[in-house]
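The chains referred to below are lettered A, B, ... by the order of the sequence lines, with proteins before strands, and numbering in each begins at 1.
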There are 2 protein chains.
Amino acid sequence: MEKRNTVQKQLVLQAVRELQCHPTAEEVYQRVAARHPSISKATVYRNLNSLAEDGLVRRVAMPDAADRFDFTVGPHYHIKCAGCGRVIDAPAAYMPRLDAETEKETGFRISRHDLVFEGLCPACREKRA
Amino acid sequence: MEKRNTVQKQLVLQAVRELQCHPTAEEVYQRVAARHPSISKATVYRNLNSLAEDGLVRRVAMPDAADRFDFTVGPHYHIKCAGCGRVIDAPAAYMPRLDAETEKETGFRISRHDLVFEGLCPACREKRA
DNA sequence: GTGGCTGCAAAATGTTTGCACGGAT
DNA sequence: ATCCGTGCAAACATTTTGCAGCCAC
């Protein structure tokens, strides 16, 4: 059950790192395929899952869209532009207190929360004027 | 471009109302089909989209799962059980200040945010002990 | 009567899986 | 030699779409 460090896995990790802005699996695939055309999309998916499992990338599930992958592993929030679909990190700091409070009030054991702002980035805002 | 109020649409809305706990499109379909077996799943999807557009139901997109629909239209947060997948409303109140602060710090025009807690409900917690 | 709505099936997404083989340990 | 990871294609799950006929307006 030992995990191997294959060329493909390294390429996938490197791609997520380089495509800083929360690429989708498809974008990661495109990037890796540019240098290593024989790679299969299934391998990209398998490696993204494996890397997420090991905490080397973070999976960011988006409302009504494909999952995105993030090289910044620590807890933080995201902003999604409704115009162009781009996703960036939000400046707001993670609020651990919310988890504790919700846990107390509900009886659930809360492990974390996700927060996604939705809005328009400056570029898309201009485009609509 | 006028919207019609068909029997199917009424049944879909009624089903979301009755299945209070954030049903998926599939669950809504099952419920409606029980009384009206000739309905098509496509019609359920089309009506859910139409109702969401009109603000009569709310679409709640879930990480790694099918979208859910919610009859409570006002802004509120959700908790998803990692064990059984059930989704319930969270007691925490919506924090409009986050939107204003993020807007100021980023230059985005923020319209809202989604917050989803992840944890284990009491039943699933017991099951793991 | 007309144009949106329905039902059906097919397509479109996004992701996972079965299988045989090749490569790392 | 083992057995994990790969590539390929097919399966899968969810949602959308093309089309002909129907029904509410």
Side-chain angles (χ1 to χ4, degrees), chain A residues 1-16 19 22-54 56-70 80 85-87 116, chain B residues 1-16 19 22-54 56-70 80 84-85 87 116:
Chain A
M1 197 54 132
E2 187 133 349
K3 274 203 183 166
R4 289 182 191 171
N5 192 18
T6 59
V7 180
Q8 287 89 340
K9 181 181 284 190
Q10 290 174 50
L11 287 169
V12 167
L13 180 54
Q14 187 191 341
V16 175
L19 296 165
H22 311 86
T24 61
E26 176 68 28
E27 288 164 339
V28 173
Y29 169 70
Q30 295 296 340
R31 176 83 173 198
V32 175
R35 296 267 148 81
H36 192 297
S38 71
I39 200 173
S40 141
K41 207 176 280 192
T43 298
V44 171
Y45 274 101
R46 277 187 287 232
N47 278 318
L48 284 171
N49 286 338
S50 166
L51 290 165
E53 207 176 282
D54 294 350
L56 292 174
V57 302
R58 181 174 155 195
R59 176 193 299 275
V60 185
M62 281 295 148
D64 291 348
D67 287 358
R68 289 166 177 278
F69 293 87
D70 189 342
K80 180 184 165 198
R86 234 168 22 111
V87 172
V116 181
Chain B
M1 197 53 134
E2 187 133 347
K3 273 205 182 166
R4 288 181 192 172
N5 194 16
T6 59
V7 180
Q8 287 89 339
K9 181 181 284 191
Q10 290 174 49
L11 288 169
V12 167
L13 179 54
Q14 189 191 340
V16 175
L19 296 165
H22 310 86
T24 61
E26 175 69 28
E27 288 163 341
V28 173
Y29 168 70
Q30 296 296 340
R31 176 84 174 197
V32 175
R35 296 265 148 82
H36 191 298
S38 70
I39 199 171
S40 141
K41 205 174 283 192
T43 298
V44 172
Y45 275 101
R46 277 185 288 231
N47 278 318
L48 285 172
N49 287 339
S50 167
L51 291 165
E53 207 175 283
D54 295 350
L56 292 175
V57 302
R58 181 174 156 197
R59 176 194 298 277
V60 185
M62 282 295 148
D64 292 347
D67 287 359
R68 289 164 177 280
F69 294 86
D70 189 342
K80 180 185 166 198
C84 59
V87 172
V116 181

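Protein atom CD1 of A:Ile39 is 16 Å distant from nucleotide atom C1' of C:dG22, rounded to whole Å. Between the CD atom of A:Gln10 and the C1' atom of D:dT6 there is a distance of 15 Å, given to the nearest Å. Counting to the nearest Å, the P atom of C:dT15 and the CG atom of A:Leu48 are 9 Å from each other. Spacing between atom NZ of B:Lys41 and atom C1' of C:dA10 amounts to 15 Å, rounded to whole angstrom units. For B:Gln30 and D:dA13, the CD to C1' distance is 14 Å, given to the nearest whole Å. As rounded to whole Å, 15 Å separates atom C1' of C:dG23 from atom NZ of A:Lys9. When the P atom of C:dG14 is taken as reference, atom CD of A:Glu27 falls 10 Å away, rounded to whole Å.
Closest to the side chain of A:Asn47, out of C:dT17, D:dT6, D:dT14, is D:dT6. The side chain of A:Ser38 sits closest to D:dG7 out of D:dG7, D:dT14, D:dG5. Of the candidate nucleotides C:dC5, C:dT15, C:dG7, C:dC5 has the atom lying nearest to any side-chain atom of B:Thr6. Comparing D:dT17, C:dC5, C:dT17 by their closest approach to the side chain of B:Lys3 singles out C:dC5.
Contact between A:Ile39 and A:Tyr29 at its shortest, heavy atoms only, is O-CE1, 3.6 Å.
Among the protein residues, A:Gln8 comes within range of the sugar-phosphate backbone only, with heavy atoms under 4.0 Å from sugar or phosphate atoms but none that close to a base. Residue contacts shown for A:Thr24 are absent, as no nucleic acid heavy atom lies under 4.0 Å away.
The side chain of B:Asn49 places an N or O atom within less than 4.0 Å of a non-bridging phosphate oxygen (OP1 or OP2) of D:dT16. For the OP1/OP2 pair of D:dT15 and a distance below 4.0 Å, the side-chain nitrogens and oxygens of B:Tyr45 include at least one atom meeting the criterion. Contact annotation: A:Thr43 reaches the phosphate of D:dG7 (side-chain N/O to OP1 or OP2, under 4.0 Å).
Map B:Asn5 and A:Ser40 each onto its nearest nucleotide of DNA chain D; the residue landing nearer the 5' end is A:Ser40. Residues B:Arg4 and B:Glu26 both approach DNA chain D. Their nearest nucleotides, taken by heavy-atom distance, put B:Glu26 toward the 5′ side.
Residue B:Arg46 holds its CZ atom at 10.0 Å from CD of B:Gln8, rounded to the nearest 0.5 Å. Within the model, atoms CG of B:Leu56 and CG of B:Leu48 stand 11.5 Å from one another, a figure rounded to the nearest 0.5 Å. Rounded to the nearest 0.5 angstrom, A:Lys3 NZ and A:Glu53 CD are separated by 4.0 Å.
For B:Arg46 against C:dG4, no side-chain N or O and base N or O form a donor-acceptor pair under 3.5 Å.
B:Val28 pairs with exactly one of B:Val12, B:Leu11, B:Leu13 by the side-chain contact (heavy atoms from CB on, under 4.5 Å) rule, that one being B:Val12.
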